[in-house]
Amino acid sequence: MALKIVKGSIDRMFDKNLQDLVRGIRNHKEDEAKYISTCIDEIKQELKQDNIAVKANAVCKLTYLQMLGYDVSWAAFNIVEVMSSSKFTYKRIGYLAASQCFHESTDVIMLTTNQIRKDLSSPNQYDTGVALTGLSCFVTPDLARDLANDIMTLMSHTKPYIRKKAVLIMYKVFLKYPESLRPAFPRLKEKLEDPDPGVQSAAVNVICELARRNPKNYLSLAPLFFKLMTSSTNNWVLIKIIKLFGALTPLEPRLGKKLIEPLTNLIHSTSAMSLLYECVNTVIAVLISLSSGMPNHSASIQLCVQKLRILIEDSDQNLKYLGLLAMSKILKTHPKSVQSHKDLILQCLDDKDESIRLRALDLLYGMVSKKNLMEIVKKLMLHVDKAEGTTYRDELLTKIIDICSQSNYQYITNFEWYISILVELTRLEGTRHGHLIASQMLDVAIRVKAIRAFAVAQMATLLDNAHLLTGNMQRNGICEVSYAAAWICGEFSEHLENPMQTLEAMLRPKVATLPGHIQAVYVQNAAKLFATVLKSQEGNTDSTAAQETSQLMIERLPLFVQSANLEVQERASCILQLVKYIQKLQQKDVEVAEEVSALFAGELNPVAPKAQKKVPVPEGLDLDAWINEPPSESESEDEQPKAIFTKEETKHSRPRHIEVDEKELARRREARKQEQANNPFYIKASPSSQKVYQDTPGVEHIPVVQIDLSVPLKVPGLPMSDQYVKLEEERRQKERAEKKKKEKKKRKEKRSGRGKKHDSGPESEEDITPAHMVDIVTEEMPENALPSDDDDKDPNDPHKALDIDLDKPLADSEKLPVRSHRAVEAAKSPGEDGDAETVATQQPKKKSGKDKRDDKKKDKDKERKKSKDEKKKKKHKHEEKEEDLLRGEVHEPVVQSEGISQVAELPTSTSAEVSDLDFWLSNAPVPSNTQEAATVAAAEAPVAEVVSGAAQDSEPDEPKDTEMEETKSSKHKKKKQKKEKEEKEKKKKKRHHHHHRHSDGGGEESVQNGTVEEEEPLPSMSNYCLLAENSYIKMVYDIQGNLQDGSQVVVSVIFENKCDSFLKSMEFNVLDSLNSKLQRPEGSGPHDGLTVPFQLPPGVSNEARFVFTVQSIVMPQKLKGTLTFIVKNEESSTHEKLDFKLHFTCTSYLITTPCYSDAYAKLLESGDLKGSSLKLEGVNMPFHHLLARICFHHHFSVVERIDSCSSMYSRSIQGHHVCLLVKSSGQTVSIDAKCDEPTMLGNVLDEIKQTFSQC
Amino acid sequence: MIKAILIFNNHGKPRLSKFYEHYSEDTEQQIIRETFHLVSKRDENVCNFLEGGMLIGGSDYKLIYRHYATLYFVFCVDSSESELGILDLIQVFVETLDKCFENVCELDLIFHVDKVHNILAEMVMGGMVLETNMNEIIMQVDAQNKMEKSEVSWTPPVPCMCMT
């Protein structure tokens, strides 16, 4: 054995390591493949050895070879071996290899579950880290399911390094195992407020990624993100949040209104370009989502456009690019603001950077109007001439066509001009977009009836001069144009001036060199022309002319009969026989013209592109049912084109055949053809109509000889589009003049009546009338076509599975699978032994009656939800939640049962989860003192009602709605009706309050925009009370305990600028006491102030958070402090200061913590707690309001309530338990309290007393 | 999300490839080749963003790259990433490499691709940005390297060569 080890070590000495391998490969440049294959043989030998070091070395080399493109999946098992080494060095090598080459179908992955679990719980944080990193690359649904719980536990690890990795990987877990999302979500949400910025950033990252795909489920998080946005200073986090808001605003325009101001502030204040850019982007998204008409929006738009202009004018190409990109977003909704920067954008067309030119082109698309279309296209045509690369020129060409044809040729006033532009484009050297031009020609000629005569004349000239073009037509796609030309001339031959000449042109021998599908069209349309010619000639007395025509056909057609192309041959021989027959008849002097033209009678109407798809399936027809049983399963499905990076994205983007590149098209076509050929049920399309846009393979195979034509080809007799521009100008001027005349006349007539002046200022869009009545034939649609087209959704999108309602409470069945021995260590709830599982089962039993009712109601709710609009939906949610609160305990055990060995971060959320987005979004003012906040914010049950009350105040249209809703919903819960009545009365009172406040505090409205209100559905939320105020500034503050750290509290201060000047350089300083200290950044002295990280424009408010460390929390205390700031207005700037006293109450050290009744009972029994009591007299409020108030103000949660008696629980940041028993009889309320720290208890009770004495 | 991170030199030789979605080895090579083809023909002083064609993955995806001396650093990202942010991230990556290798050059990347992977793992995890603070990254990388070294001293001493 010893010998073996020694031998292994010796071997290792001679083994190549990674460096040797790399060096070797570099030294064998000529026979690299051979060298590597010998290396692989060596590696195989090494992997057979027992020594793990040798194996690890081999695996390391394999990882390198994998990068070079060698398949190393055969070594998967060895990789697993190396992963499970106990040494970090090897483990890391193993995990790296696995992350590079494992994927879902690697079967040995199954074997890794336990190993990974072991590593995840390793005491060494880097073992855990490496495992998480590796897992993030190769997690499979099975792994996700088995490990979800372990990873979730890691989210509360003591080391931030592990926490952030665990949080990030949860996203991958969600993707693979969507069921884990709901159980894990509360924890994930907590991490948004993690003290470590890295963890916070990771949580933001994950939620943003989730929300991007299913934004509506995350709307309720908006207040939390809003808070983060106003408090975070990490640009990465800010960018993510701001991007997220961009995704949320389209769903909730009110959110947008709230966002505009803080975003504008950021735009003004930030120096980071990346942040600025994202802010601008989101503001744009907001503006798009808001219906126009808000007066201050034009200012925001202007600001955005201005900032973007600065970006575009920057010398940094990156900024220029991004500026143009963002501009194109504004363009969609506010084209006018962008149009004013036309000069800049046209300038960008000349940029040397192709990416930038393309972006600028995109913008042009939206900037055209009837007025400037001709001018812009003229510019583009100049660029076409100048452009060097064919790719860019092709892009220009497609853009010109895009621009002109957009929204059904909306901007084209003169189709003669457009046709001539198209004709000019045919002279492009080497473009591959011939088919595009052709399809435009066809489309215009078919759909614009008025233009047919002109189009036919143009096409005839084109055909006539084809001999000039064909030379270079052949080797590029432009020959497609002659396809269109021939068809137009044939189909609308009645418009031809000289059909005979065209007929001759179409039967020239040179035509035989064109691609087959074009020849076919030539032949077919020659026949149509022939019919027309006959008709015109038969009227003449001289019949010889007609006979000559037939003779011409008979002479020329044999050329096509010999064609190698089946289509051409078939058509030609048919027509040849027909003409021969006609000739016979002619010789007998029979009139045939009528009958010949009857062959081609009838009009061809355009069919809408999606018409086929929209034909509804008749009832009773099952398209998926087999007509005959299929013979075998041999149809291969691997022919599906695989897009390389995305599977889903290709489907998101609307397929536009223009942009698909040729190769891809050809490949798809091939695949489709094959499929169709193999499919007996496929009805083959008639070749002439279908083959139009298909490039023949022949074109590409013809050897290309580049002829350098320095002079652009000018085909004689073809019109120049420029002349139309001039004509059009003249025409418009004339029209204008006429109009003026008319107006004058009118005015003269009207003068006697009203003296109204018509200001015919600058020419507006409507003034321009099309040159001739354009009759655009609409595309035909089948009868009863389905109006919607929701074919853009991809059923395979993994994110679809993550479209999960996160606000619903967790059901028992949703728990993550937990390994059994883990479940026992559970519950860190006060009574340590309160077994979570039993609570979970007990709780519902008690309330089973109620639950049933709730469930029923919920079902109904669901049904209603579907049918009703969003607002109503939300309303229902509130009601649901009200009741959920009572059942909140039901789902808590899930979170607890995972054995967190950490501080009390129990789901504080539940009791306060009155997620009231509506209220947050509505513009109710901040109550300026505690008392009123109490009324408004009586937490749980009444909140929904309060909301509607508040909404009634702020939004005049809403009351009816809500009232109606209320009555409706009350039908479903008759028992509640009484309660509601009570509350309605209450509400009326409250409305009074609101009105009152409105009258005395008009300026308060604006506070809203920068602040977080007391109504926020956050667990730790409490009300803000006044800190200090003078004529310049007002500060309100709120103190929250820090969940993670028992010695920290966070003070959130909202600064509101009350004056007309700009407030800047705000510095916040507090005189530390022995017990409480303001946390200052490292390196600053104990008396230095903290700079407030923002400035305040007039009327704006913003929130800053300060962290204090406290040692003892049993006594309330006050800290003196000062705020210094500079007041700056146009004339002067003065230094001001404001003193304040920060009051740390004992209540502010309490954290709302839920507790179960049996755990609570045990806690009381334990005898560790000391008692105290309190009596309140003259309390005139319903009992549940009283409770709500205690919960809200003093951070308690209700454990159990029986009639007018209730037990409550809370817990301090340092782990003191506080229990209350509240009884009410009449106006007297008695509170018996117990706590393990009597001093603290006394203080808390005093504070409770204070709260109630104020009302 | 970041779809892929590629480093290759001026001749298109891959120096590091990290795909956060699975592709076969052949496809990976093809992507590297195509990306190189797209990126290499661009001048200096043009913008660092490229909308990839079909191969890179449709309209939602962008290539964001930086060119340092002989190396191209290319990130393929979707629209949830901030363009300028990723450019900064590349800069952080390169500066971190510079610190870890002390004046990094292409040879360092050639011979120590595993180390580069380890550094990258501290920055980007599973396609999501993990850490952007360079000091934090270096601290974690150093700590892990220290651990590795302490383990090396544990391995049984290599017997003397003169045993034969």
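Just so it is clear, the structure is predicted and the values come from calculations on it, not from any experiment.
Proximity to chain A is absent for every atom of B/Asn133, based on heavy atoms less than 4.5 angstrom apart. When heavy atoms are compared at a cutoff of 4.5 Å, B/Ser24 does not approach chain A at all. For chain A, the nearby part of B/Leu107 is the side chain; its heavy atoms alone come within less than 4.5 Å. Heavy-atom distances place the side chain of B/Glu28, and not its backbone, under 4.5 Å from chain A. Neither the backbone nor the side chain of B/Val124 comes within contact range of chain A; no heavy atom of the residue lies under 4.5 Å from a heavy atom of that chain.
Pairing each heavy atom of A/Leu168 with each of B/Met128, the nearest pair is O-CE, 3.3 Å.
Between B/His22 and A/His103, the two ring planes are parallel [angle under 30°; tilted spans 30° to 60°].
Each of A/Phe138, A/Tyr161, A/Tyr64 has some count of heavy-atom pairs under 4.5 Å with chain B, and the biggest count is that of A/Tyr161. The greatest number of non-hydrogen atom pairs below 4.5 Å with chain A, out of B/Gln29, B/Glu136, B/Arg42, B/Glu131, is found for B/Gln29. Among the candidates A/Leu96, A/Ile93, A/Leu18, A/Leu244, the residue making the largest number of heavy-atom pairs closer than 4.5 Å to chain B is A/Leu96. Here A/Arg92 is the residue among A/Lys352, A/Gln100, A/Arg92, A/Gln19 with the most heavy-atom pairs under 4.5 Å with chain B.
A heavy-atom distance below 4.5 Å is found between the side chains of A/Glu209 and B/Asp78. Contact of the B/Met125 side chain with the A/Ile169 side chain is registered, since non-hydrogen atoms from C-beta on lie closer than 4.5 Å.
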Exercise for review: Evaluate side chain to side chain donor-acceptor pair (under 3.5 Å) for B/Lys18 paired with A/Ser99, printing each intermediate quantity in order.
Suggested key: CA-CA 9 Å; B/Lys18 182 86 207 165; A/Ser99 74; 3.1 Å; yes
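With respect to the salt-bridge test (charged N to carboxylate O, under 4.0 angstrom), the residues B/Asp114 and A/Lys61 do not qualify.
Counting only N and O atoms by type, the side chains of B/Glu148 and A/Thr89 include no donor and acceptor under 3.5 Å apart. A donor-acceptor pair shorter than 3.5 Å can be found between the side chains of B/Gln140 and A/Tyr126.
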